[in-house]
Each structure stands twice: as structure tokens, then as C-alpha cells.
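Let me begin by presenting the structure, written as C-alpha cells, before commenting on it.
From a predicted model like this one, the values you see are computed outputs, not experimental measurements.
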Amino acid sequence: MERAEYPAGIKWTRQRRDVYRILLAAEEPLSAAQIYKRLEQAPGEPGYAASTIYRILAVFEAHGLLLKSSWPGDDTLLYELDRGGHTHYALCLGCRKRVPLKDCPLEHMHPPMPRPQGDFEITGHKLELYGYCGECKKKADRKGTSADA
């Protein structure tokens, strides 16, 4: 990847380029630990400190390149590149996979969004649906069938 393909305004060190590439290739948000693991598995020069990953993510966040999320009840932050627009996810409670929704279920409301009571201006939204992916549902169904026998 050439330097011109990276967003402007940041000094693009090798480490920052590597983290950016991992996030660019990711199909779902990643934790700092997952990014670290993928960097260690990638060909090239390993040897990243976990603190380096966190510093890089902080720089990306300060420049508006990242979206952050987490699982309910879990303090682990997940990061994904802000690719413009927005993505909503269905979250599997079994395997913790995030499945992107093809469309925004609230898109028909733009504009205008419904106004909450009081003086409040809505500037955006985030939607997460919870359930079980097909694989986890099959596993649960098998367990339920064998428990009934």
C-alpha cells in the first residue's frame, strides 16, 4: 500500500501502517489484543508491545479514524475504522460474533429523527441486536434435543 492511500494528517510510521492494514482488512470490530495477535501472526517484523497498539489506537481515535464499541457488561473496547456512514451489528450471545446488518433499520427516519422529550438534538445513533448466529442456534437446538431424550 502506498503512503498516498493513508488518511492525511498523521505521521505514518511502519507500526501505524501495520495497525491500519489490520483494521482495514477486518470484517468486524477488533480488540487491541486481537489486533496485537494478528500483527504477531503477519509476515514481516514482529515485536510490537501491547502499549504501542494502544498508543496507535489513541492517535487514530484522536484523528477521527475509529469507531469504538464494546459488549454489554464487558469493559473490552472494540475498534473498527470509520469508513463513513455507519454499520449496525447483530451480536451472537453464544460465540460473540458480530454480524453486520446490510441496511440501517432506522434509515427511513433520516431526516428527521424523532425528538426526545426536552431540549435534545440527535446527531447520530448506534443499534445493536442480540441473539444467536445460525451455528450457535444449531448447537443449542442439539443440546435441547439431547436433553429431552
Side-chain angles (χ1 to χ4, degrees), residues 1-116 120-143:
M1 193 178 248
E2 293 298 317
R3 181 182 188 97
E5 295 180 27
Y6 295 103
I10 296 177
K11 179 181 176 187
W12 286 100
T13 63
R14 178 183 55 85
Q15 293 90 350
R16 289 178 181 175
R17 285 192 306 268
D18 289 348
V19 170
Y20 187 84
R21 285 185 196 128
I22 296 293
L23 290 167
L24 188 61
E27 295 180 6
E28 63 182 341
L30 301 173
S31 68
Q34 290 171 311
I35 294 168
Y36 177 81
K37 185 176 180 180
R38 290 183 186 196
L39 286 167
E40 289 298 307
Q41 293 172 344
E45 299 179 39
Y48 287 86
S51 59
T52 301
I53 306 304
Y54 284 105
R55 281 194 302 274
I56 291 169
L57 292 170
V59 168
F60 286 2
E61 183 180 6
H63 284 85
L65 298 177
L66 293 180
L67 299 173
K68 290 192 313 188
S69 60
S70 64
W71 277 88
D74 186 344
D75 292 337
T76 303
L77 289 174
L78 301 172
Y79 303 89
E80 66 181 312
L81 289 180
D82 184 352
R83 300 170 195 262
H86 61 279
T87 302
H88 300 300
Y89 293 94
L91 309 175
C92 179
L93 298 170
C95 66
R96 298 173 62 101
K97 178 177 18 177
R98 289 176 173 260
V99 179
L101 302 178
K102 292 180 183 175
D103 298 307
C104 173
L106 303 175
E107 197 65 40
H108 69 283
M109 295 177 159
H110 290 285
M113 290 286 285
R115 294 192 61 104
F120 190 89
E121 178 183 348
I122 296 175
T123 60
H125 66 273
K126 180 179 179 180
L127 174 69
E128 295 178 331
L129 305 174
Y130 304 97
Y132 295 93
C133 68
E135 193 62 34
C136 288
K137 178 144 177 30
K138 286 178 193 173
K139 288 178 187 175
D141 288 347
R142 280 182 278 200
K143 285 181 182 178

Crowding at OH, Y54 (>12 non-hydrogen neighbours, <6.0 Å):
no

So OH of Y48 and CZ of R14: to nearest 0.5 Å the spacing works out to 4.0 Å

Count the heavy atoms belonging to other residues, nucleotides or ligands that lie under 6.0 Å from CD of Q41, then report whether that count exceeds 12.
yes

Out of curiosity, I56 CD1 to T13 OG1, how far, rounded to the nearest 0.5 Å?
5.5 Å

Check whether any side-chain heavy atom of L23 lies under 4.5 Å from a side-chain heavy atom of L66, and answer yes or no.
yes

Between R21 and D18, does the salt bridge (Lys or Arg N to Asp or Glu O under 4.0 Å) criterion hold? Intermediate values first, please.
CA-CA 5 Å; R21 285 185 196 128; D18 289 348; 3.1 Å; yes

Quick check: closest heavy atoms across R16 and F60, and the distance to 0.1 Å?
O-CZ, 3.5 Å

Side-chain contact, heavy-atom cut-off 4.5 Å: T52 with R55?
yes

Ignoring hydrogens, what is the shortest heavy-atom contact between Y132 and K137? Give both atom names and the distance.
CB-N, 4.3 Å

Euclidean distance, Y6 OH relative to L65 CG, rounded to 0.5 Å
12.5 Å

If you round to the nearest 0.5 Å, how far is CD1 of I53 from CD of Q34?
12.5 Å

Nearest heavy-atom contact between T76 and S31 is CG2-CB, 3.7 Å

Can you tell if the side chain of L30 reaches within under 4.5 Å of the side chain of Y79, non-hydrogen atoms only?
no

Compare every heavy atom of C95 with every heavy atom of C136, then report the nearest pair and how far apart it is.
SG-N, 3.4 Å

Atom CZ of R96 and atom CD of E28: how far apart are they, to the nearest 0.5 Å?
11.0 Å

Shortest non-hydrogen pair, Y36 vs A49, comes out as CE1-C, 4.2 Å

Treating H63 as the side-chain partner and G9 as the backbone partner, does any N or O pair qualify as donor plus acceptor under 3.5 Å?
yes

Between L81 and L67 the two heavy atoms that sit nearest each other are O-CD1, 4.5 Å

To the nearest 0.5 Å, how far apart are OG in S70 and CG in L78?
7.0 Å

